[in-house]
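Residue indices begin at 1 and follow the sequence shown. Computation of the quantities below employed the complete heavy-atom set of this structure, encompassing side-chain atoms and omitting hydrogens, waters and symmetry-equivalent molecules.
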Amino acid sequence: MRSKVAIGFLGTVLDNGGYGAARWRKWRPSVGICRQPQLPLARLELLHDNHHRKLAEQTARDIAEASPGTEVRLHALNLEDPWDFGEMYSALDDFAGRYPFDADHEDYLLHITTGTHVAQICWFLLAESRRIPARLLQSSPTRQDNDFAGLVSVIDLDLARYDRIASRFAQQSEDTVAFLKSGIATRNPRFNRMIEQIERVAARSSAPILLRGPTGAGKSQLARRLYEVKKARHQLAGRFVEVNCATLRGDSAMSALFGHVKGAFTGALSERAGLLRGADDGLLFLDEIGELGLDEQAMLLKAIEEKRFFPFGGDREATSDFQLVCGTMRDLRQWVRDGKFREDLYARINLWNFELPALAERREDIEPNLEFELARHAGEQGRHARFNAEARRGYLDFALSPQARWPGNFRELSASVTRMATLADAGRIDDAVVDEEIKRLRREWQDEGGDSAALAPLSVERQAALDLFDRAQLEAVLRVCRQADSLSDAGRRLFAVSRLDKANPNDADRLRKYLARFGLSWQAIRESGRV
């Protein structure tokens with residue numbers, strides 16, 4: 001069997017029983033753990049400071065008398081402030097680095113009953129990280145008179161042995177992830193990985209979070225859910241404050257964000273606290289942060305870094321400590337290069353950067369969101385609506401097809417479901433309702449920049465990345481391709497004027513290179529059945 005070795009601090013109060021015979025009638029932890037027949041200690045490593053060396057030596061003598069088989073080694077550990085976490089942890093970590101652990105032959109126990117609370121926390125961290133290969137030893141007195149040995153219990157930090165604890169932590173994490181997703185069983189792997197990472201960040205960090213994505217992708221809803229998670233975990237006690245920075249301009253932007261003093265500008269008849277102060281100890285969500293002016297950006301950076309700022313027109317600083325979440329549909333890196341966004345502010349809010357994919361990139365999540373939107377409508381209106389089987393199949397076939405662009409993302413899907421649920425007679429969404437809705441969506445999308453069917457077989461993701469200029473030009477090119485008999489025929493039609501200036505025009509090669517810019521080929525167009 002391996003020898004048992006305990007390591008612990010001298011208890012300057014609990015181990016001090018005086019120097020007379022009465023000390024043997026008092027429970028003293030460092031002496032008591034050496035008198036446990038079921039846990040015989042071969043050695044006790046007793047840490048103390050020089051101010052209590054006399055007590056340490058007396059304790060060692062008493063242990064030699066009470067438990068002759070236990071060797072006591074005294075270690076002087078002089079700390080300027082035993083309640084300073086950094087100093088305590090460094091001292092114990094250095095002790096661990098010097099100590100000649102022999103885990104093959106010795107079983108180590110960290111006695112956590114004695115020492116400051118800071119020391120107990122440091123013992124726990126060193127044991128949990130396996131910096132010290134030990135279990136925790138806890139001791140306590142009994143109610144019996146003259147029982148100076150007391151009781152002991154051993155705590156093993158190997159959580160793998162505690163399946164119920166481990167499963168509880170896992171379930172809590174899964175519940176939080178589900179909450180962040182509004183209880184929707186999303187299927188998109190990229191989105192699910194992102195939400196799982198956000199859950200960990202929400203639990204462990206108070207740094208700013210940047211949510212990127214197109215309008216309607218769910219940035220505002222996710223920000224509010226983040227706030228509710230943090231508040232439930234007692235990480236925030238204040239309010240959720242949301243502002244769309246695109247609505248802020250000039251003096252009103254300064255006033256809305258940072259507040260103003262009376263008389264700061266024409267019409268400032270009274271003092272205003274501002275949104276930053278309103279979010280103190282809460283969460284501030286700045287949607288479309290890229291729309292803020294450069295002056296507001298400079299003041300916001302100071303408020304984030306120093307938790308202080310000047311109200312507009314004031315000379316006395318205000319304070320506010322808030323969790324910041326920012327949203328944007330802009331490419332802020334490009335805006336920094338263009339001088340529209342401060343580089344230092346971007347660096348400060350870009351520690352945690354998450355991109356919410358558009359609905360067109362998460363088509364597998366349309367079906368579960370369909371059920372969510374029907375339930376939401378029922379909760380808001382008190383009126384249930386359901387698809388019949390054929391209507392549901394028809395709507396999903398369209399919603400999942402390349403022809404469905406969904407430029408408004410989840411906001412547009414929500415509006416679509418709301419319209420169908422409202423028009424459903426007797427709460428049944430039938431084929432007629434679905435057909436009417438599909439026609440409505442096709443008309444809207446065609447008015448906004450052309451039917452996505454005109455761009456087949458270009459992928460939905462690449463369609464979403466096209467500027468209006470490129471979209472219009474490519475649609476025109478593909479219309480000609482559909483009418484032509486061959487690549488050369490299409491090239492001659494498209495370059496009918498410029499080819500006259502070339503001695504050896506190669507219309508097919510010019511068209512082939514143009515299509516390649518978009519990942520298209522003549523063969524791909526033919527296989528799509530559109531030529």
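At a threshold of 4.0 Å, the pair Arg187-Glu367 counts as salt-bridged, since one of the basic side-chain nitrogens sits closer than that to a carboxylate oxygen. Residues Asp331 and Arg333 are not paired through a salt bridge, judged by the lack of any N-O separation under 4.0 Å between the basic side chain and the carboxylate. A salt bridge links Glu355 to Arg212: one of the charged nitrogens lies within less than 4.0 Å of a carboxylate oxygen. Here Lys302 pairs with Glu317 in a salt bridge; the nearest charged N to carboxylate O distance falls below 4.0 Å. The existence of a salt bridge linking Glu444 and Arg405 is excluded, since no basic side-chain nitrogen approaches an acidic carboxylate oxygen closer than 4.0 Å.
Distance check: Asn78 CG to Leu47 CG gives 10.5 Å after rounding to the nearest 0.5 Å. For the atom pair CD1 of Ile209 and CG of Leu283, the computed distance is 8.0 Å after rounding to the nearest 0.5 Å. Annotation: the span from Leu211 atom CG to Cys326 atom SG amounts to 8.5 Å, rounded to 0.5 Å. The distance from atom CG of Asp470 to atom CZ of Arg517, rounded to the nearest 0.5 Å, is 6.0 Å. Residue Ile429 holds its CD1 atom at 9.0 Å from OH of Tyr395, rounded to the nearest 0.5 Å. Atom CG of Leu136 sits about 10.0 Å away from atom CD of Gln120, to the nearest 0.5 Å.
Checking side-chain atoms of Gln323 against main-chain N and O of Ala207 turns up a donor-acceptor pair under 3.5 Å. Here the side chain of Trp352 pairs no donor or acceptor atom with the backbone of Ile198 at under 3.5 angstrom. In terms of modelled atom types and a separation under 3.5 Å, the side chain of Arg440 and the main chain of Ser416 share no donor-acceptor contact. With hydrogens and angles disregarded, a donor-acceptor distance shorter than 3.5 Å links the side chain of Asp365 to the backbone of Asn188. Under a 3.5 Å cut-off, the side chain of Asn409 and the backbone N or O of Arg411 do not form any donor-acceptor pair. Under a 3.5 Å cut-off, the side chain of His260 and the backbone N or O of Ser270 do form a donor-acceptor pair. Side chain of Tyr108 to backbone of Asp102: a donor-acceptor contact under 3.5 angstrom is found.
Using a 3.5 Å distance cut-off with no hydrogens or angles, the side chains of Gln221 and Arg224 do not pair a donor with an acceptor. Thr113 and Gln138 are not linked by any side-chain donor-acceptor pair at a separation below 3.5 angstrom, with hydrogens and angles left out of the test. For the residue pair Glu412 and Trp445, a side-chain donor N or O sits within less than 3.5 Å of a side-chain acceptor on the partner. When only modelled atom types and interatomic distance are considered, Thr186 and Lys181 share a side-chain donor-acceptor pair under 3.5 Å. If you check the side chains of Tyr346 and Gln297, you find no donor sitting under 3.5 Å from an acceptor. Of the N and O atoms on the side chains of Asn244 and Glu288, not one donor lies less than 3.5 Å from an acceptor on the other residue. When only modelled atom types and interatomic distance are considered, Asn192 and Glu196 share no side-chain donor-acceptor pair under 3.5 Å. With no hydrogens or angles considered, a side-chain donor-acceptor pair links Ser220 and Glu242 at under 3.5 Å.
Classification of the Phe101-Tyr99 ring pair by plane angle, with boundaries at 30° and 60°, yields tilted.
For the pair His75/Glu45, a side-chain contact is recorded, criterion being any heavy-atom separation below 4.5 Å from C-beta on. Counting heavy atoms from C-beta on, the side chains of Met420 and Val434 come closer than 4.5 Å. Inter-residue side-chain proximity for Phe191 and Glu361 is flagged as unmet; no heavy-atom pair is nearer than 4.5 Å. With a 4.5 Å cut-off on side-chain heavy atoms, Glu364 and Pro189 count as touching. Inter-residue side-chain proximity for Asp280 and Phe322 is flagged as unmet; no heavy-atom pair is nearer than 4.5 Å. Within the 4.5 Å cutoff, no side-chain heavy atoms of Val325 are placed close to those of Tyr227. Taking the side chain as every heavy atom from C-beta outward, Trp406 and Arg363 approach each other to under 4.5 Å. Here the side chains of Glu228 and Phe240 are not in contact, with every heavy-atom distance at 4.5 Å or above.
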Candidate pair Thr319 and Arg308, rule side chain to side chain donor-acceptor pair (under 3.5 Å), full reasoning: CA-CA 4 Å; Thr319 62; Arg308 303 194 310 273; over 6 Å; no
Does the side chain to side chain contact (heavy atoms under 4.5 Å, CB included) test come out yes or no for Phe410 and Phe372, once each step is laid out? CA-CA 11 Å; Phe410 291 93; Phe372 171 79; over 6 Å; no
Run the numbers on Phe398 and Leu441 for side chain to side chain contact (heavy atoms under 4.5 Å, CB included), then give the verdict. CA-CA 10 Å; Phe398 168 74; Leu441 291 172; 3.9 Å; yes
Please report the C-alpha distance between Leu226 and Val201 in whole Å, then the side-chain angles of each, then the deciding distance to 0.1 Å, and finally whether the side chain to side chain contact (heavy atoms under 4.5 Å, CB included) criterion is met. CA-CA 10 Å; Leu226 273 170; Val201 171; over 6 Å; no
Carefully, step by step, assess Ser320 and Phe309 under the rule side chain to side chain contact (heavy atoms under 4.5 Å, CB included). CA-CA 8 Å; Ser320 182; Phe309 53 90; 3.9 Å; yes
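Residue Glu436 places its CD atom among 12 or fewer non-hydrogen atoms of other residues, nucleotides or ligands, all under 6.0 Å distant. Asp315 CG: 12 or fewer foreign heavy atoms inside a 6.0 Å radius.
Note: Trp123 and Phe9 meet the aromatic proximity criterion, with ring centroids under 6.0 Å apart. Checked against the 6.0 Å centroid threshold, Phe310 and Phe258 do not count as a close aromatic pair.
Applying the side-chain hydrogen bond (donor to acceptor under 3.5 Å, both in side chains) rule to Glu373 yields the partners Arg376, Ser414; only residues at least two apart in sequence or on another chain are considered. By the side chain to side chain contact (heavy atoms under 4.5 Å, CB included) test, His234 pairs with no residue at all, sequence neighbours left out.
Sorted by first and then second residue, the pairs that involve residues 84-96 and meet side-chain hydrogen bond (donor to acceptor under 3.5 Å, both in side chains), not counting sequence neighbours, are Asp93-Arg131.
In this structure, Arg316 and Pro311 approach most closely via the heavy-atom pair O-CD, 3.3 Å. Residues Lys340 and Leu294 approach most closely at O-CD2, 3.6 Å, considering heavy atoms. In terms of heavy-atom proximity, Lys307 sits nearest to Ile304 at NZ-O, 3.5 Å. Listed here is the closest heavy atom pair of Gly314 and Val261: CA-CG1, 3.7 Å. Heavy atoms only, all atoms of each residue included: Gly278 and Arg239 are closest at O-NH1, 3.4 Å. Taking every heavy atom of both residues into account, Pro357 and Ala217 meet most closely at O-CB, 4.1 Å.
Here the options are Arg225, Lys230, Arg193, Arg233, the test is salt bridge (charged side-chain N to carboxylate O under 4.0 Å, His left out), and the partner is Glu199; only Arg233 passes.
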